[in-house]
Amino acid sequence: MPELPEAETLVRGLRPALVGRSIVQARVHKPDILRVRPRRFRDRVRGRRIEAVGRRAKNVVLLLDDGVIVINLGMTGWLAPLGLGPHDPPRPTHPAVTFRLDTGRLVFDDVRRFGCVEALDPGEWAERDATFGPEPLTDAFTPDDLFERLHRSRSPVRSWLLDQRKVAGVGNIYACEACFRAGIHPARRGVTVTRDEATALHAGIRGVLGAAVEAGGTTIRDYRNADGASGEFVHRLDVYGREEQPCHRCDDAVERIVFGNRSAFFCPSCQPMIDDAAWAARAS
DNA sequence: AGTGTATCCTGCAGGC
DNA sequence: TGCCTGCAGGATACAC
């Protein structure tokens with residue numbers, strides 16, 4: 001569920017509550033949320049101090065005085081700071097890991113348990129960090145770079161955008177929205193995207209992610225920020241979840257198709273399909 | 001190598 | 001009411 005804007009919103013809410021706190025002990029309620037045995041995990045985090053709270057791709061990153069906790073929220077994961085501010089968020093319903101702090105506690109709550117909590121040493125974290133593509137809201141992400149790499153791929157653009165090694169933090173909602181903003185059919189092969197279209201896609205990705213961060217993310221069903229509040233960007237989506245509703249640009253009906261086992265939403269008029277044959281004809 | 005599919009898990013909505 | 005199917009914001013292990 002959470003993509004870059006949702007993880008970023010959560011991080012911004014957690015930061016003031018968590019920086020400077022120490023982890024007294026961790027309790028693992030659902031061991032399948034870890035990648036190591038619970039005992040090993042507990043040993044790695046016990047007694048550590050939280051120096052900083054950040055985000056990389058869709059992950060919440062707790063920088064410790066010795067090591068790093070990386071939390072992948074999966075589809076339904078969120079972090080509840082309890083006893084750390086004036087108001088508590090709603091009570092977690094499916095706690096997977098609880099960090100008992102010197103003051104209060106932090107609960108990783110995850111209904112579907114697709115999330116993952118890891119305790120890495122600095123070297124392991126550097127390795128992991130290097131597997132992610134550029135952060136789309138930083139200068140490391142440029143239109144030229146996007147074009148050069150996308151143009152070499154035969155993947156559908158939507159699928160390419162979901163690959164965290166290509167661009168960090170983009171998920172299904174914002175991939176669909178960015179394609180709409182750029183006028184690119186989500187199933188078009190990367191190789192068919194022109195330099196101008198890649199520039200528009202770059203602007204679309206940045207625009208939609210930036211606006212969604214400002215709006216506190218998108219709540220379709222489960223997403224909650226650190227206060228337990230919903231994300232308001234759901235009201236500003238152009239195509240995602242809007243099957244059969246009028247396109248905000250041309251009034252035609254938004255369509256839904258499935259590929260890569262996931263729904264893609266698009267406007268058939270604003271985002272015409274260009275397949276290999278059409279691409280060949282256009283190139284000649 | 002690079003793409004596409006199936007799968008992990010739970011909850012909910014809709015059809016009958 | 002209850003049972004069934006399909007669907008969900010992610011990531012990855014496989015098949016080709």
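Side-chain atoms are counted along with the backbone in the values below, which use heavy atoms only and exclude waters and symmetry mates.
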Checking [X] now: which residues fulfil side-chain hydrogen bond (donor to acceptor under 3.5 Å, both in side chains) with it, not counting sequence neighbours?
X       : answer
R44(A)  : E124(A)
E51(A)  : R49(A)
R55(A)  : E8(A), E135(A)
R262(A) : none

dT5(B), dG9(C), dG4(B): which one has an atom nearest the side-chain heavy atoms of P156(A)?
-> dG4(B)
Minimum-distance nucleotide (side-chain atoms of I220(A) versus dG9(C), dC9(B), dT3(B)) =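 The answer is dG9(C).
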Is the shortest side-chain N to carboxylate O distance from D109(A) to R224(A) below 4.0 Å?
-> no
Using a strict 4.0 Å threshold on nitrogen-to-oxygen distance, state whether E3(A) and K58(A) make a salt bridge.
->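 So E3(A) does not pair with K58(A) through a salt bridge.
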Transitively linked via ILVMFWY side-chain contacts under 4.5 Å: L14(A) with I69(A)?
->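 Looking at the clustering, I69(A) is in the same group as L14(A).
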Check the phosphate of [N] against [X], side-chain N and O only, distance under 4.0 Å to OP1 or OP2. Yes or no?
X       : N      : result
S263(A) : dA8(C) : yes
H94(A)  : dC9(B) : no
T76(A)  : dC9(B) : no
S155(A) : dT3(B) : yes

With sugar-phosphate meaning primed atoms plus P, OP1 and OP2, does [X] contact a base, only sugar-phosphate, or nothing at under 4.0 Å between heavy atoms?
X       : answer
R256(A) : sugar-phosphate
S159(A) : nothing
N172(A) : sugar-phosphate

R113(A) or G260(A), whichever maps to the more 5' nucleotide of DNA chain B |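 Here G260(A) is the residue nearer the 5' end.
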Strand DNA chain C in bracket notation, Watson-Crick/G-U under 3.5 Å with | for pairs to another chain | .|||||||.|||||||
Under the ring-ring contact (aromatic ring centres under 6.0 Å, His included) definition, can you give me all pairs with a residue in [range], not counting sequence neighbours?
range                       : result
residues 156-191 of chain A : H185(A)-F266(A)
residues 191-217 of chain A : F141(A)-H202(A)
residues 228-253 of chain A : Y240(A)-F265(A)

Which ones in residues 225-245 of chain A lie close to DNA chain B, meaning a heavy atom under 4.0 Å from one of its atoms?
->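 Those residues whose heavy atoms fall under 4.0 Å from DNA chain B, taken from residues 225-245 of chain A, amount to none.
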At what distance, to the nearest 0.5 angstrom, does CD of E177(A) lie from CG of N172(A)?
-> 10.0 Å
Can R56(A) be said to sit on top of F132(A)'s aromatic six-ring, NZ or CZ under 6.0 Å from centre and within 45° of the ring axis?
-> no
Sequence neighbours excluded, every pair satisfying salt bridge (Lys or Arg N to Asp or Glu O under 4.0 Å) that has a member inside residues 82-99 of chain A = none
Taking atom P in both dA11(C) and dA1(B), what distance in whole Å separates the two?
->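 To the nearest whole Å, 24 Å.
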In whole angstrom, what separates M75(A)'s CE from dC8(B)'s P?
->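 It works out to 15 Å between those atoms.
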Nearest whole angstrom, please: distance from the C1' of dG10(C) to the CZ of R112(A).
-> 9 Å
For R100(A) and R105(A), work out which heavy atoms get closest and say how close.
-> CA-CB, 4.1 Å
Contacts to DNA chain C from residues 175-189 of chain A, heavy-atom cutoff under 4.0 Å, which residues?
->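 Heavy-atom cutoff 4.0 Å gives no residues at all.
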Under-3.5 Å N/O pairs linking protein and nucleotides 11-15 of chain C:
{"from": "dA11(C)", "atom 1": "OP1", "to": "N72(A)", "atom 2": "ND2", "distance (Å)": "3.2"}
{"from": "dA11(C)", "atom 1": "OP2", "to": "K58(A)", "atom 2": "NZ", "distance (Å)": "2.8"}

